[in-house]
A.B. asks: 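Sharing a structure below in structure tokens format, with a few things to ask.
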Amino acid sequence: MENAPSAEPETPAIEAPKPYSVGTAAEKPKSEWRDLASFLIKLALIVFVVRSFIFSPFSIPSESMLPRLLIGDYLFITKWNYGYSKHSLPWSLPLIPGRIFPGTPARGDVVVFKAPPGNDTDWIKRVIGLPGDSVQMVGGQLILNGKPIPKNRVAQFVLPISPNFERCQPQFQNVDAEGNGVCSIPRFRETLPNGKSYDVLDQGTYPKDNTGIYTVPAGHVFLMGDNRDNSTDSRFSHADGGIEFVPLENIEGKAVVNFWSTDGSANWFLPWTWFTAARWDRLGEGF
């Protein structure tokens, strides 16, 4: 009996090579650009939310809050303390009607706000009067609700002359032990009825050392700078460049801590000067 012929092994099918697609290489960069755009949009949204509702940086542009704040100080403000309005948002975007989650500052709080009447620039001052309060200055002393606020003399405020502080009146100019120019200004400690204490400067007799009585209307606050004779604040009318009473919805947030400070002598093209110009002792100062 003849043996059955053995089955021949099947030859595996060889797949034809897939044609090369020129478009595959071109599509990858498009995907990368989409990913980058998506990342940037998400980052911008996070920054928008954080700056609008949690905290935001602010730099000091003037001497009105000496001795607590110097030109060249950078600080963080918290945004949730007094509620939110359109002024809580970048560029005062009209996305929030009125105020939501409203709160009233405490006397002595340092706040950043949109300055009336234009409501288009950020200022920083201290809250002195709340709705219903009466505020007056008599002989350079603050009178709140008919009662003089204690004002006690403390050590002179001494500030080195620097690119960020050059305007020192002649009677206050002096030199330190190393022969460097300094400005030495009389300093006083005020204490509000709620126990909040802070230092103010008194450079002499000026027109707004004596005022009429200001009665703070509902929904507003009375704000003053600690550098009493160099601060255009609620004591001044709009016609005189002042802010008068500030609506609560204009307040953007509460100052909480310094995170950087420079005397203005740094050169962007000389990195080591960034460190020599820093006022390290001011970092971390709270309010």
Side-chain angles (χ1 to χ4, degrees), residues 38-62 64-65 68-69 73-135 144-145 192-196 198 214-226 231-236 238 242-259 286-287:
S38 176
F39 168 77
L40 293 177
I41 292 172
K42 292 176 182 177
L43 179 62
L45 182 60
I46 291 172
V47 171
F48 179 85
V49 170
V50 169
R51 287 179 63 99
S52 300
F53 302 107
I54 303 177
F55 66 87
S56 180
F58 181 77
S59 60
I60 302 303
S62 75
S64 69
M65 283 297 291
R68 175 59 189 86
L69 292 169
D73 281 353
Y74 292 78
L75 53 91
F76 283 123
I77 63 172
T78 50
K79 306 299 288 286
W80 61 81
N81 305 83
Y82 316 121
Y84 303 100
S85 72
K86 67 177 183 180
H87 297 301
S88 303
L89 307 178
W91 311 292
S92 295
L93 294 173
L95 302 179
I96 300 176
R99 295 174 68 213
I100 59 174
F101 310 116
T104 302
R107 297 186 188 94
D109 285 357
V110 176
V111 299
V112 172
F113 61 96
K114 292 294 184 184
N119 301 333
D120 55 359
T121 56
D122 296 328
W123 286 24
I124 185 167
K125 303 290 182 188
R126 190 179 297 277
V127 177
I128 297 298
L130 300 179
D133 285 346
S134 66
V135 182
L144 183 62
N145 295 324
L192 295 174
N194 62 359
K196 178 70 175 182
Y198 50 89
Y214 306 91
T215 301
V216 186
H220 293 70
V221 286
F222 190 95
L223 307 178
M224 294 178 67
D226 294 344
S231 174
T232 306
D233 47 42
S234 291
R235 294 171 292 175
F236 294 82
H238 292 159
I243 55 176
E244 299 185 6
F245 303 114
V246 176
L248 286 169
E249 70 176 28
N250 282 37
I251 297 179
E252 301 172 58
K254 177 182 179 182
V256 289
V257 66
N258 283 22
F259 68 86
F287 289 80

A.B. asks: Which atom pair, heavy atoms only, marks the closest approach of R51 to K79?
C.D. replies: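 What the structure gives for the nearest pair is O-NZ, 2.6 Å.
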A.B. asks: So, using side chain to side chain contact (heavy atoms under 4.5 Å, CB included) as the criterion, who are the partners of L93 when residues are at least two apart?
C.D. replies: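 F48, L89, W91, L95.
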A.B. asks: Going by heavy atoms in the side chains, are V110 and I124 under 4.5 Å from each other?
C.D. replies: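 Yes; the side chains approach each other to less than 4.5 Å.
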A.B. asks: Is D226 reaching over with its side chain to a backbone N or O of R126, donor-acceptor style, under 3.5 angstrom?
C.D. replies: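 No, D226 side chain to R126 backbone: no donor-acceptor pair under 3.5 Å.
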A.B. asks: Is there a side-chain contact between L248 and P105 in this structure, where contact means two heavy atoms from C-beta onward sitting under 4.5 Å apart?
C.D. replies: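 L248 vs P105: side chains touch.
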A.B. asks: Could you go through the side-chain contact (heavy atoms from CB on, under 4.5 Å) check for V221 and L130 one step at a time?
C.D. replies: CA-CA 5 Å; V221 286; L130 300 179; 4.2 Å; yes
A.B. asks: Any non-hydrogen side-chain atom of Y214 less than 4.5 Å from a side-chain atom of D133?
C.D. replies: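 A side-chain contact is absent here, since even the closest heavy-atom pair is not under 4.5 Å.
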A.B. asks: Please name the pair of heavy atoms, one in G242 and one in P117, separated by the smallest distance, quoted to 0.1 Å.
C.D. replies: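 Reported closest heavy-atom pair: O-CD, 4.3 Å.
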A.B. asks: Scan side-chain atoms only and decide if S64 and K125 contain a donor-acceptor pair under the 3.5 Å cut-off.
C.D. replies: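 Yes, side-chain donor-acceptor contact under 3.5 Å.
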A.B. asks: Which residues pass the ring-ring contact (aromatic ring centres under 6.0 Å, His included) test with F53, sequence neighbours left out?
C.D. replies: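 F53 satisfies ring-ring contact (aromatic ring centres under 6.0 Å, His included) with Y84 only.
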A.B. asks: Look at the side chain of E252 and the backbone N and O of V112, then say whether any donor-acceptor pair between them is shorter than 3.5 Å.
C.D. replies: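 Between the backbone of V112 and the side chain of E252 there is no qualifying donor-acceptor contact (under 3.5 Å).
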A.B. asks: Any side-chain heavy-atom pair from E244 and P116 closer than 4.5 angstrom?
C.D. replies: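 E244 does not reach P116 side chain to side chain.
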A.B. asks: Between D233 and I128, is there a side-chain heavy-atom distance shorter than 4.5 Å?
C.D. replies: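 No, their side chains stay 4.5 Å or more apart.
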A.B. asks: Does the side chain of V111 reach to within under 4.5 Å of the side chain of I77, using non-hydrogen atoms?
C.D. replies: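 No; the side chains remain at least 4.5 Å from each other.
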A.B. asks: To the nearest 0.5 Å, how far apart are CZ in F222 and CZ in F245?
C.D. replies: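 Interatomic distance, F222 CZ to F245 CZ, rounded to 0.5 Å: 6.5 Å.
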A.B. asks: Closest heavy-atom contact between Y198 and L192?
C.D. replies: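 Heavy-atom minimum between the residues: OH-CD2, 3.5 Å.
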A.B. asks: Rounded to the nearest 0.5 Å, what separates atom OG in S62 from atom CG in L69?
C.D. replies: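 Output value for this atom pair is 9.0 Å.
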A.B. asks: So, using salt bridge (Lys or Arg N to Asp or Glu O under 4.0 Å) as the criterion, who are the partners of K86 when residues are at least two apart?
C.D. replies: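 K86: no salt bridge (Lys or Arg N to Asp or Glu O under 4.0 Å) contacts found.
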A.B. asks: Grab the two heavy atoms, one from P131 and one from T104, that are nearest each other, plus how far apart they are.
C.D. replies: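 That would be CD-CG2, 4.5 Å.
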A.B. asks: Could you tell me the separation between the CD1 atom of I251 and the CG atom of L223, rounded to the nearest 0.5 Å?
C.D. replies: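 The distance works out to 6.0 Å.
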A.B. asks: I'd like to check the side chain to side chain contact (heavy atoms under 4.5 Å, CB included) partners of F55; sequence neighbours left out, ordered by chain and number.
C.D. replies: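 F55 satisfies side chain to side chain contact (heavy atoms under 4.5 Å, CB included) with V50, F76 once adjacent residues are dropped.
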A.B. asks: Using side chain to side chain contact (heavy atoms under 4.5 Å, CB included) as the criterion, list what pairs up with P102, not counting sequence neighbours.
C.D. replies: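 For P102 the side chain to side chain contact (heavy atoms under 4.5 Å, CB included) partners, ignoring immediate neighbours, are R99.
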A.B. asks: Drop me the distance from D73's CG to S59's OG, to the nearest 0.5 angstrom.
C.D. replies: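 The distance works out to 10.0 Å.
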A.B. asks: Out of the candidates D122, N250, T121, only one should pair with K114 under the side chain to side chain donor-acceptor pair (under 3.5 Å) rule; please name it.
C.D. replies: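 By the side chain to side chain donor-acceptor pair (under 3.5 Å) criterion, K114 pairs with just one of D122, N250, T121: D122.
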A.B. asks: Quick check against the 3.5 Å criterion: does K196 have a side-chain atom that pairs as donor or acceptor with the backbone of R107?
C.D. replies: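 Pair absent, no side-chain N/O of K196 close to backbone of R107.
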A.B. asks: In the structure I gave you, are the side-chain heavy atoms of F259 and P57 within less than 4.5 Å of one another anywhere?
C.D. replies: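 The answer is yes; the side chains approach within 4.5 Å.
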A.B. asks: Please assess F113 against I243 for the test side-chain contact (heavy atoms from CB on, under 4.5 Å), listing each intermediate value before the final yes or no.
C.D. replies: CA-CA 11 Å; F113 61 96; I243 55 176; 3.7 Å; yes
A.B. asks: How far apart are the closest heavy atoms of H87 and S92, and which atoms are they?
C.D. replies: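 For H87 and S92, the tightest heavy-atom pair comes out as ND1-OG, 2.9 Å.
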A.B. asks: Who are the side chain to side chain contact (heavy atoms under 4.5 Å, CB included) partners of K254, not counting sequence neighbours?
C.D. replies: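 Checked K254 against side chain to side chain contact (heavy atoms under 4.5 Å, CB included); matches are T78, N81, Y82, D109.
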